[in-house]
Trainee: 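Here it is, the structure, as structure tokens.
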Amino acid sequence: EAVTKLTLSTYTKFPYPGVVVAKILSKNKHPEADNKDKKVPAGWHVVEVEYKDQDGKTIKATVICGGTEYNVGNLIAYVPVGEKYKDKIAEKKDMKGVISNGVIMGAKELGVKLPPLPQPKVVEEAKDEQKEEEANNDKGGKKGKKGKKKKKQKQGKKKKAAPPKDQRIYLVDQFHSNAKIGDKLTELGKYDQNL
């Protein structure tokens, strides 16, 4: 006899029953962002969201979010305090002086593949050094074996900027036009039962 083990991920691409659809009501810079002593990460925002609890009651919550690519009015994936996501429970947390109530989920955290972010341009040290060397040569700069050896070492060195970390928030309204505040992500991610 074959026994099949079924999990929530068998039925939905979002197997997180505690994640609901919420709406971004406001997005503001963290109040301590300019305080160098607090060392608040540059991308942190104080975000107010609106969602519905299990009884259908509308609730507002303040969340600190370091994600990107979202705006006021967007519908996003939100984990209220006390709900579970990815083997963690969302808790109230002091985030550099502001209490964060829950978690706004990123696309990557939900396993959603978005188009790649634009890559930063390659910074070529060799070009800068070549210009510098030409300027030195015009002024009677270094010649001989030492100068040639340094030039060879420096040629071809390219310094690549680190690729940007993908922290894009999952925009529910971009992928699910029928989504409403309070919808469970598990329902929106259901696989077609006719397949």
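Because the structure is predicted, anything quoted here is derived from the model rather than measured.
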Trainee: Where do I104 and V63 come nearest, in terms of heavy atoms and distance?
Mentor: CG1-CG1, 4.0 Å

Trainee: Looking at P31 and V98, what are the two nearest heavy atoms and their distance?
Mentor: CG-CG2, 3.7 Å

Trainee: To the nearest 0.5 angstrom, please state how far the NZ atom of K52 sits from the CD1 atom of I59.
Mentor: 11.0 Å

Trainee: Please say yes or no: joined through hydrophobic side-chain contacts below 4.5 Å, possibly via intermediate residues, are F175 and L110 part of one cluster?
Mentor: yes

Trainee: Check this for me, if you would: do K23 and D173 make a salt bridge, where the nitrogen-to-carboxylate-oxygen distance has to be below 4.0 angstrom?
Mentor: no

Trainee: Between E69 and L171, what is the shortest heavy-atom contact and its length?
Mentor: O-CD1, 3.5 Å

Trainee: Could you go step by step and tell me if T68 and I169 meet the side chain to side chain contact (heavy atoms under 4.5 Å, CB included) rule?
Mentor: CA-CA 6 Å; T68 62; I169 295 303; over 6 Å; no

Trainee: Given the rule in the side chain to side chain contact (heavy atoms under 4.5 Å, CB included) test, do V46 and T62 qualify, once you have shown the distances and angles that lead to the verdict?
Mentor: CA-CA 7 Å; V46 178; T62 299; 3.6 Å; yes

Trainee: Tell me the closest heavy-atom pair linking E32 and K38, and the distance in Å.
Mentor: OE1-CG, 3.7 Å

Trainee: Please tell me if the side chains of L185 and V172 come closer than 4.5 Å, counting only heavy atoms from C-beta onward.
Mentor: yes

Trainee: Within the structure provided, determine whether V49 and I24 are in side-chain contact (heavy-atom separation under 4.5 Å).
Mentor: yes

Trainee: Looking at NZ of K165 and CG of L117, how far apart are the two atoms once the value is rounded to the nearest 0.5 Å?
Mentor: 12.5 Å

Trainee: Which atom names give the shortest non-hydrogen contact between K184 and V20, and what distance separates them?
Mentor: CD-CG1, 4.1 Å

Trainee: Report yes or no: does K108 contribute a side-chain atom to a donor-acceptor pair with the main-chain N or O of D166 at less than 3.5 Å?
Mentor: no

Trainee: Between Y16 and I76, is there shared hydrophobic-cluster membership here, with clusters defined by ILVMFWY side-chain heavy atoms closer than 4.5 Å?
Mentor: no

Trainee: Answer yes if Y170 and L188 sit in the same cluster of Ile, Leu, Val, Met, Phe, Trp and Tyr residues linked by side chain heavy atoms under 4.5 Å apart, and no otherwise.
Mentor: yes

Trainee: Mark yes or no for whether T12, through its side chain, and G189, through its backbone, hold a donor-acceptor pair below 3.5 Å.
Mentor: yes

Trainee: Counting C-beta onward and ignoring hydrogens, is there a side-chain heavy-atom pair between I64 and K93 closer than 4.5 Å?
Mentor: no

Trainee: Which pairs with one or both residues in residues 45-66 pass ring pair (Phe, Tyr, Trp, His ring centres under 6.0 Å), sequence neighbours excluded?
Mentor: Y51-Y78

Trainee: List the residues meeting salt bridge (charged side-chain N to carboxylate O under 4.0 Å, His left out) with K60, not counting sequence neighbours, and say none if there are none.
Mentor: none

Trainee: Is the NZ atom of K27 crowded by more than 12 outside heavy atoms at less than 6.0 Å?
Mentor: yes

Trainee: Can you hop from V103 to V40 via hydrophobic side chains spaced under 4.5 Å?
Mentor: no

Trainee: Could you tell me which non-hydrogen atom of V81 sits nearest to which non-hydrogen atom of E91, and how far apart they are?
Mentor: CG2-C, 4.1 Å

Trainee: Compare all side-chain heavy atoms of K180 with those of V21 and state whether any distance is below 4.5 angstrom.
Mentor: no

Trainee: Can you hop from Y11 to V19 via hydrophobic side chains spaced under 4.5 Å?
Mentor: no

Trainee: Please state whether the rings of W44 and H30 are parallel, tilted or perpendicular, taking 30° and 60° as the class boundaries.
Mentor: tilted

Trainee: I'd like to check P80 versus D53 (side-chain heavy atoms, cut-off strictly below 4.5 Å). Are they in contact?
Mentor: no

Trainee: Under the criterion side chain to side chain contact (heavy atoms under 4.5 Å, CB included), I'd like the reasoning laid out for H176 against E187: C-alpha separation, chi angles, the key distance, then a yes or no.
Mentor: CA-CA 11 Å; H176 308 279; E187 291 296 315; over 6 Å; no

